[in-house]
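This report concerns only the one structure given below.
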Amino acid sequence: MLVIGLTGGIASGKSSVSKLLRNKGIPVVDLDEIAVEVVKPGSPTLKRLTMAFGDEILNEDRSLNRAALGRLAFENPEKTRLLNQITHTTIRKVMIFRLIKLWLTGTRCVVVDTPLLIEAGLYKWCGLNVIVWCTFEQQLTRMLKRDANVKGLTEDDARARLASQLSLRAKLRYADKIIDNSTECHDGTTPMEAEVQALVDNLKHDQSNPLDTVQWLVNWLIPPIGLLFGLLIALLHRKKLDIQHKRQLLAEKKES
């Protein structure tokens, strides 16, 4: 099973790409959706968050106030790390369970949608990394337009949240494919939609290859071989990314 890592930055358009992929029949494991599930009222994860950040992160009905938590968690790197430590273990367990379930049902490719694909090191275990890109200014503008009235987000809040994540420019080094969401066509569509369609077409083309089909069947029917093959692909992909990073660093040094 090909695991495709999908990431971007806050308000970069990652969720739109994820929705397009779902609509085109590609299964998506959305870690943001899982993150909502694991902090429902009464959950162990919400209790740990309350102990770490106080009752001020709760609404009157004892549900999580995300704006309040974000304001506290993103005010400095130490608190951001604390938030990640509390939530990441539970989220990863649910993610692994869903991936195994998809594999057992014969799914040939799946998208793991997460804003922290790079920061959490999950990119190392994906066969393909896709990054949705736009400029920092576009991220800030879109974030404020989306959340200012609904969630009470201020510009300072938005900048703090953006600063808490690796910049999109830095994430590009880890990309096998970049989906550009920085421009809009005259008819209101975006190049992003065409790029997503091209990605889906490539996946379907690979799946129609007889040799790839035989390989997938062997990996699926004989789990130990499938596991070893998956690990091999992940290691080769990681090596490819390491080489890519070194070349980019050398190019940047020459330019400077």
Side-chain angles (χ1 to χ4, degrees), residues 5-19 30-43 45-92 112-123 131-172 174 179-184 190 192:
L6 173 65
T7 193
I10 302 172
S12 66
K14 175 181 65 65
S15 296
S16 297
V17 171
S18 182
K19 185 177 179 180
D30 188 333
L31 268 59
D32 281 340
E33 291 179 1
I34 295 175
V36 172
E37 292 177 17
V38 300
V39 294
K40 288 181 177 179
S43 66
T45 303
L46 183 56
K47 291 177 181 177
R48 289 196 292 270
L49 287 172
T50 306
M51 290 179 63
F53 295 98
D55 285 343
E56 61 189 287
I57 67 170
L58 299 177
N59 295 311
E60 291 183 3
D61 62 357
R62 306 297 291 176
S63 63
L64 179 63
N65 184 322
R66 292 185 174 277
L69 175 61
R71 195 167 288 119
L72 290 171
F74 297 122
E75 67 181 11
N76 64 60
E78 184 177 341
K79 289 187 176 181
T80 302
R81 283 194 293 272
L82 177 59
L83 170 64
N84 291 338
Q85 287 171 2
I86 293 171
T87 57
H88 280 186
T89 300
T90 305
I91 292 171
R92 286 189 180 190
V112 173
D113 174 357
T114 171
L116 299 179
L117 182 76
I118 309 303
E119 293 92 329
L122 294 176
Y123 75 94
I131 294 179
V132 185
W133 184 86
C134 68
T135 67
F136 176 87
E137 291 74 19
Q138 287 171 324
Q139 283 183 272
L140 184 62
T141 301
R142 293 170 182 175
M143 194 175 176
L144 289 171
K145 183 178 179 180
R146 182 187 68 189
D147 296 338
N149 294 330
V150 178
K151 300 181 180 179
L153 189 79
T154 67
E155 184 171 339
D156 287 341
D157 293 337
R159 289 185 179 276
R161 293 191 185 189
L162 288 170
S164 72
Q165 291 186 359
L166 192 66
S167 71
L168 276 176
R169 186 171 296 278
K171 288 182 179 182
L172 293 182
Y174 300 86
I179 293 181
D180 187 353
N181 191 31
S182 64
T183 58
E184 185 174 298
T190 66
M192 174 187 75

Checklist entry - Which atom names give the shortest non-hydrogen contact between A73 and F53, and what distance separates them? => result CA-CE2, 4.1 Å
Checklist entry - Got a second to check how far K145's NZ is from L140's CG, nearest 0.5 Å? => result 13.5 Å
Checklist entry - Can you name the closest pair of heavy atoms from K79 and L72 and give their distance? => result CD-O, 3.3 Å
Item to check | Over all atoms of both residues, closest heavy-atom pair of G13 and N181 | outcome: CA-ND2, 3.4 Å
Checklist entry - Is any side-chain heavy atom of P115 closer than 4.5 Å to a side-chain heavy atom of D32? => result yes
Checklist entry - Side-chain contact, heavy-atom cut-off 4.5 Å: L122 with T7? => result no
Checklist entry - Can you find a heavy atom in the side chain of L117 that is under 4.5 Å from one in the side chain of K14? => result no
Next on the checklist: Let me confirm one number: the CD-CG distance from E60 to N65, rounded to the nearest 0.5 Å.
Outcome noted: 10.5 Å
Checklist outcome for this item: Taking every heavy atom of G8 against every heavy atom of K171, the minimum-distance pair comes out as O-NZ, 2.6 Å
Item to check | CZ-CZ distance between R71 and R161, expressed to the nearest 0.5 angstrom | outcome: 7.5 Å
Checklist outcome for this item: Looking only at heavy atoms, the pair that brings N59 and L64 closest together is ND2-O, 3.3 Å
Next on the checklist: As a quick check of understanding, evaluate side chain to side chain contact (heavy atoms under 4.5 Å, CB included) for H88 and L116, giving each step before the final call.
Outcome noted: CA-CA 10 Å; H88 280 186; L116 299 179; 3.3 Å; yes
Checklist outcome for this item: Here the gap from T135 atom OG1 to R169 atom CZ, rounded to the nearest 0.5 Å, amounts to 9.5 Å
Next on the checklist: Using only atom types and a distance under 3.5 Å, with no angle test, would you say the side chain of S43 pairs donor to acceptor with the backbone of V38?
Outcome noted: yes
Checklist entry - Which atom names give the shortest non-hydrogen contact between A52 and I86, and what distance separates them? => result CB-CD1, 3.7 Å
Checklist entry - Any donor-acceptor pair under 3.5 Å linking the side chain of T87 with the backbone of L83? => result yes
Item to check | Distance, nearest 0.5 Å, that separates SG of C134 from CD1 of I179 | outcome: 12.5 Å
Checklist entry - Could you state the interatomic distance from CE (M192) to CH2 (W133), rounded to the nearest 0.5 Å? => result 14.5 Å
Checklist entry - Any side-chain heavy-atom pair from L168 and Q138 closer than 4.5 angstrom? => result no
Next on the checklist: When you compare the side chains of D156 and T154, does any donor N or O come within less than 3.5 Å of an acceptor on the partner?
Outcome noted: no
Checklist entry - Is any side-chain heavy atom of Q165 less than 4.5 Å from a side-chain heavy atom of F74? => result no
Next on the checklist: Counting C-beta onward and ignoring hydrogens, is there a side-chain heavy-atom pair between T90 and R48 closer than 4.5 Å?
Outcome noted: yes
Item to check | D55 side chain reached by R62 side chain, heavy atoms, under 4.5 Å | outcome: yes
